Amino acid sequence: LSSEKNHHQPNPFSYSNPDHLKYFKFAGMIIARALIQEENVDAHFSLPFLRQILNQKVLLSDLKDTDEILYNSLQYILDNDIDNDEINEYYFEVDSDEYGVLKTDELKKDGSNIKVTNENKKEYIDLMIDYYSRKSVEKQIIEFCDGFNSIININKIQIFSPIEFNLLIATVILLLSDMPELIHKVIPKFTELSESRRVEIIEWLPQLILACSSKEQSIKTLQQFIR
């Protein structure tokens, strides 16, 4: 499933294909093998999916990468007095349209009868983030990680931030694996930027580097970036 920003993530309705879990496991193996063989993978994973792979907590701001409407809705609840909201009412449940059938999932036990208030809204937001980033696609994530782990131990990649790992997948670092002095300069510089700026750069930097006709040109491009 691709978001509006063309960032890929598991589709909660992928079960429509009976072999969908096998495909996720295979995809994890392909990504890991590509990293080992230094092959370019033309795919950018969403921040929530990257954090799940890296076993990191998904942040509210990460949802902007996949569903800006959902992000804005949760941010509104967080920032406003919902006890006196005369228009909207929220409960610990999620409604979804599953191939034309309305489905309701409770975020916690008896959630359909628990109203969201100023007192419990932080819990509600945390459960919503967890539902959309993990719970609704948990089987797909597990299979992808199992596939990846069969080639590369996932513990070895958990030192990276989501942005750094996405860079690895895009092979910017692997492409320049024989230029460690530049890598050590690029990564700290890159991680100093704001999250939104890093998301913007991750979309164009790999293509820019890979478009270079020679190692020398790649070096010059990166040197401009780290000034």
Side-chain angles (χ1 to χ4, degrees), residues 1-17 20-21 23-25 27-28 30-31 41-79 88 90 92-99 102-107 116 121-145 147-148 154 157-158 160-170 190-191 193-207:
L1 179 67
S2 296
S3 68
E4 293 180 358
K5 297 182 179 180
N6 202 31
H7 294 169
H8 301 288
Q9 60 188 347
N11 186 338
F13 304 139
S14 63
Y15 65 82
S16 59
N17 185 321
H20 71 122
L21 295 181
Y23 292 149
F24 277 98
K25 186 171 185 176
I30 290 295
I31 295 296
V41 179
D42 187 17
H44 297 296
F45 293 150
S46 69
L47 284 174
F49 185 36
L50 288 166
R51 288 200 191 277
Q52 292 295 338
I53 296 171
L54 298 170
N55 195 30
Q56 298 178 3
K57 181 180 179 180
V58 178
L59 308 177
L60 174 57
S61 59
D62 294 332
L63 296 185
K64 287 193 292 185
D65 197 40
T66 57
D67 191 334
E68 196 157 357
I69 294 176
L70 174 62
Y71 163 77
N72 289 334
S73 175
L74 295 179
Q75 190 66 57
Y76 172 85
I77 294 172
L78 185 64
D79 293 340
N88 302 301
Y90 308 93
F92 281 75
E93 62 181 10
V94 175
D95 293 328
S96 59
D97 185 340
E98 198 166 314
Y99 298 112
L102 183 63
K103 177 183 176 183
T104 299
D105 290 320
E106 293 186 326
L107 297 174
V116 180
K121 66 182 180 180
K122 182 62 170 63
E123 179 191 10
Y124 170 76
I125 290 171
D126 287 342
L127 289 173
M128 286 286 283
I129 294 171
D130 182 67
Y131 177 85
Y132 280 102
S133 64
R134 182 193 63 81
K135 190 174 180 180
S136 63
V137 289
E138 186 172 19
K139 292 181 180 179
Q140 293 93 322
I141 292 172
I142 289 173
E143 290 301 321
F144 180 93
C145 290
F148 189 99
I154 285 185
I157 66 170
Q158 290 179 342
F160 297 108
S161 72
I163 299 298
E164 291 166 352
F165 184 51
N166 222 2
L167 278 171
L168 277 174
I169 294 173
F190 188 75
T191 53
L193 301 173
S194 67
E195 186 83 3
S196 60
R197 180 59 177 153
R198 283 185 284 173
V199 169
E200 292 176 4
I201 291 176
I202 190 63
E203 293 181 352
W204 59 260
L205 183 59
Q207 287 80 4

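Numbers here are sequence positions counted from 1. No experiment lies behind these values; they were computed from the predicted model shown.
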Tell me the closest heavy-atom pair linking Ser14 and His20, and the distance in Å. OG-ND1, 2.8 Å

For the CG atom of Asp95 and the NZ atom of Lys103, what is their distance to the nearest 0.5 Å? 11.5 Å

Side-chain touch Phe24/Pro10, heavy atoms, less than 4.5 angstrom: yes

Report the residues that fulfil side-chain contact (heavy atoms from CB on, under 4.5 Å) with Tyr131, sequence neighbours left out, ordered by chain and then residue number. Val94, Asp105, Leu107, Lys135, Ser136

By the definition side chain to side chain contact (heavy atoms under 4.5 Å, CB included), identify the one residue from Ile163, Thr66, Val58 that meets it with Leu47. Ile163

Answer whether the closest heavy-atom distance between the side chains of Phe13 and Ser16 falls below 4.5 Å. no

How long is the straight-line distance from CG of Asn166 back to CD1 of Ile53, given to the nearest 0.5 Å? 9.0 Å

Leu74 vs Tyr124 side-chain heavy atoms within contact, under 4.5 Å: yes

Mind checking whether Arg51 and Ser133 have side chains closer than 4.5 Å, heavy atoms only? no

Taking the side chain as every heavy atom from C-beta outward, state whether Asp67 and Tyr132 have any atom pair closer than 4.5 Å. no

Quick one: do the Tyr15 and Glu98 side chains pair a donor with an acceptor below 3.5 Å? yes

Rounded to the nearest 0.5 Å, what's the gap from CD on Gln52 to CD1 on Ile141? Could you check? 4.0 Å

Minimum-distance pair of heavy atoms, taken over all atoms of Glu93 and Thr104: OE1-CG2, 3.6 Å

Side-chain donor/acceptor of Lys64 to backbone N/O of Tyr71, under 3.5 Å: no

Verify the ring-centre separation between Phe144 and Phe45: is it less than 6.0 angstrom? yes

Glu138: side-chain contact (heavy atoms from CB on, under 4.5 Å) partners, not counting sequence neighbours: Arg134, Ile142

Going by heavy atoms in the side chains, are Tyr76 and Asn72 under 4.5 Å from each other? no

Salt bridge (Lys or Arg N to Asp or Glu O under 4.0 Å) partners of Lys139, counting only residues at least two apart: none

Of all residues at least two apart in sequence or in a different chain, which pass the side-chain contact (heavy atoms from CB on, under 4.5 Å) check with Ile154? Cys145, Phe148, Asn149, Ile157, Gln158

Taking Gly147's backbone N and O only, do any of them form a donor-acceptor pair with Lys25's side chain (distance below 3.5 Å, no angle check)? no

Rounded to the nearest 0.5 Å, how far does CG of Asn88 lie from CD1 of Ile77? 8.0 Å

List in chain and number order the residues that pass side-chain contact (heavy atoms from CB on, under 4.5 Å) with Asp126, two or more places apart in sequence or in another chain; answer none if no residue qualifies. Lys122

Let me confirm one number: the CZ-CG distance from Phe160 to Leu50, rounded to the nearest 0.5 Å. 12.5 Å

Which residues pass the salt bridge (Lys or Arg N to Asp or Glu O under 4.0 Å) test with Glu123, not counting sequence neighbours? Lys108

Apply the test side chain to side chain contact (heavy atoms under 4.5 Å, CB included) to residues Leu70 and Met128: give CA-CA distance (whole Å), side-chain angles for both, the deciding distance (0.1 Å), then the verdict. CA-CA 9 Å; Leu70 174 62; Met128 286 286 283; 4.0 Å; yes

